[in-house]
Visitor: 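Below you will find the structure I want to go over with you.
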Amino acid sequence: MFYDRDIVSVLLISASQKMTDTILELLPHRQFQPVTTVSTAGEARRLLVEQSFDLVLIISPLRDDFGVQLAVEVADNGQSGVLLFVKADLFEQASYKVESHGVLTLAVPCQRTAILQSVKLLVATRARLKVLENRAISLEAKMEEIRIVNRAKLLLIERLKMSEAEAHRYIEKNAMDTCQKRSAVAQGIIRTYET
């Protein structure tokens with residue numbers, strides 16, 4: 001079974017109460033919460049506008065949609081890991097349509113262990129994607145800081161006739177003396193010399 005890790009929110013979309021009950025039995029409450037269940041694609045779309053989920057499990061067919069298009073939409077949004085359950089005779093066709101969007105497909109009927117393994121794979125993949133997303137956000141923040149500092153250096157070079165090294169040292173020294181980040185000092189310089 002699952003070990004205590006981060007809590008994983010789940011949206012389960014199924015028109016079949018039997019499949020809903022089977023999936024709910026497999027998801028330990030200590031790791032998977034909340035588990036929200038809906039029976040139509042329309043309900044799911046409305047809910048996904050209001051909140052995000054770590055995992056979205058779609059058991060097709062739904063009452064108002066087959067589920068393939070919904071799986072693609074959710075996956076393309078990039079916020080959730082998506083697992084699409086389809087009947088075995090439609091597996092190849094459905095898988096072909098969704099796999100390029102990062103949707104995991106599982107043919108039903110299937111054993112409980114296959115469902116459990118698929119959910120574990122989705123949790124692991126989602127965790128890895130979160131790490132990569134956090135790195136990207138961190139890199140973007142660093143790049144923005146560099147842009148701001150470089151803009152402030154340019155203003156010091158143009159307005160105060162400093163060399164690049166002097167401008168750099170000026171920003172660094174002011175940041176240390178005032179216990180501020182370099183970007184905060186740079187923003188102050190930009191406000192002073194760009195108005």
Side-chain angles (χ1 to χ4, degrees), residues 1-140:
M1 283 312 266
F2 292 97
Y3 303 103
D4 289 335
R5 293 191 187 121
D6 292 335
I7 301 300
V8 178
S9 62
V10 180
L11 174 59
L12 175 58
I13 311 158
S14 173
S16 165
Q17 190 59 49
K18 182 180 176 185
M19 278 298 288
T20 298
D21 293 341
T22 299
I23 301 293
L24 290 175
E25 286 175 19
L26 290 174
L27 303 178
H29 183 70
R30 69 180 179 276
Q31 184 181 4
F32 296 93
Q33 57 177 300
V35 178
T36 305
T37 60
V38 295
S39 60
T40 67
E43 290 175 295
R45 285 183 178 100
R46 283 189 291 280
L47 197 54
L48 287 164
V49 167
E50 298 170 5
Q51 66 186 95
S52 63
F53 294 88
D54 297 312
L55 302 183
V56 175
L57 311 179
I58 304 169
I59 302 166
S60 70
L62 302 172
R63 292 185 179 147
D64 59 347
D65 188 68
F66 182 70
V68 169
Q69 184 59 37
L70 176 62
V72 168
E73 289 171 16
V74 174
D76 285 350
N77 184 15
Q79 298 293 323
S80 308
V82 182
L83 176 58
L84 176 65
F85 295 82
V86 295
K87 292 184 180 172
D89 59 332
L90 300 172
F91 175 78
E92 288 296 325
Q93 182 181 4
S95 181
Y96 177 76
K97 289 181 181 178
V98 300
E99 67 187 12
S100 64
H101 297 274
V103 175
L104 186 61
T105 312
L106 188 61
V108 290
C110 60
Q111 294 182 350
R112 295 167 63 93
T113 55
I115 296 171
L116 196 57
Q117 288 172 341
S118 297
V119 170
K120 282 184 169 187
L121 177 63
L122 204 53
V123 168
T125 303
R126 185 67 193 125
R128 182 71 180 136
L129 286 174
K130 280 186 178 182
V131 168
L132 294 174
E133 288 170 4
N134 290 339
R135 281 187 193 161
I137 290 168
S138 175
L139 287 174
E140 286 174 17

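One-based numbering along the sequence shown. Both backbone and side-chain heavy atoms feed into the values below; hydrogens, waters and symmetry mates do not.
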Visitor: What pair of heavy atoms forms the shortest contact from Ala15 to Pro61, and how long is it?
Guide: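 Nearest heavy atoms, Ala15 then Pro61: CB-O, 3.9 Å.
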
Visitor: May I have the step-by-step check of side-chain contact (heavy atoms from CB on, under 4.5 Å) for Val98 and Val72, ending in yes or no?
Guide: CA-CA 6 Å; Val98 300; Val72 168; 3.8 Å; yes

Visitor: Do you know the tightest heavy-atom contact between Ala71 and Val103?
Guide: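 Heavy atoms of Ala71 and Val103 come nearest at O-CG2, 3.6 Å.
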
Visitor: Backbone N or O of Phe85 within a donor-acceptor pair of the Ser60 side chain at under 3.5 Å?
Guide: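 Yes, because the side chain of Ser60 sits within donor-acceptor range (under 3.5 Å) of the backbone of Phe85.
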
Visitor: Let me know which of Val74, Val10, Leu11 forms a side-chain contact (heavy atoms from CB on, under 4.5 Å) with Phe53.
Guide: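 Looking at Val74, Val10, Leu11, the match for Phe53 under the side-chain contact (heavy atoms from CB on, under 4.5 Å) is Leu11.
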
Visitor: Is any side-chain heavy atom of Val123 less than 4.5 Å from a side-chain heavy atom of Gln31?
Guide: yes

Visitor: Donor-acceptor check, side chain of Thr37 to backbone of Leu12, threshold 3.5 angstrom: yes or no?
Guide: no

Visitor: How far apart are the closest heavy atoms of Phe32 and Val35, and which atoms are they?
Guide: O-CG2, 3.5 Å

Visitor: Could you pull out all residues at least two apart from Gln69 that satisfy side chain to side chain contact (heavy atoms under 4.5 Å, CB included)?
Guide: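 For Gln69, the residues satisfying side chain to side chain contact (heavy atoms under 4.5 Å, CB included) (neighbours in sequence not counted) are Arg45, Glu73.
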
Visitor: Would Gln93 and Val68 count as a side-chain contact (heavy atoms from CB on, under 4.5 Å) if you check the C-alpha gap in whole Å, the side-chain angles of each, and the deciding distance to 0.1 Å?
Guide: CA-CA 10 Å; Gln93 182 181 4; Val68 169; over 6 Å; no

Visitor: Roughly how far, to the nearest 0.5 Å, is CD of Glu43 from CZ of Arg63?
Guide: 8.0 Å

Visitor: Can you tell me how far OG1 of Thr22 sits from CG of Leu27, rounded to the nearest 0.5 angstrom?
Guide: 11.0 Å

Visitor: Does Ser16 offer a backbone N or O that forms a donor-acceptor pair with the side chain of Ser14 under 3.5 Å?
Guide: yes

Visitor: I want to check something: taking the side chain as every heavy atom from C-beta on, are Val119 and Leu26 in contact at a cut-off of under 4.5 Å?
Guide: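 Val119 vs Leu26: side chains apart.
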
Visitor: Ignoring hydrogens, what is the shortest heavy-atom contact between Gly67 and Leu62? Give both atom names and the distance.
Guide: CA-CD1, 4.3 Å

Visitor: Restricting to non-hydrogen atoms, name the atom on Asp64 and the atom on Gly42 that form the minimum distance, rounded to 0.1 Å.
Guide: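 In terms of heavy atoms, the two residues are closest at OD2-N, 2.9 Å.
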
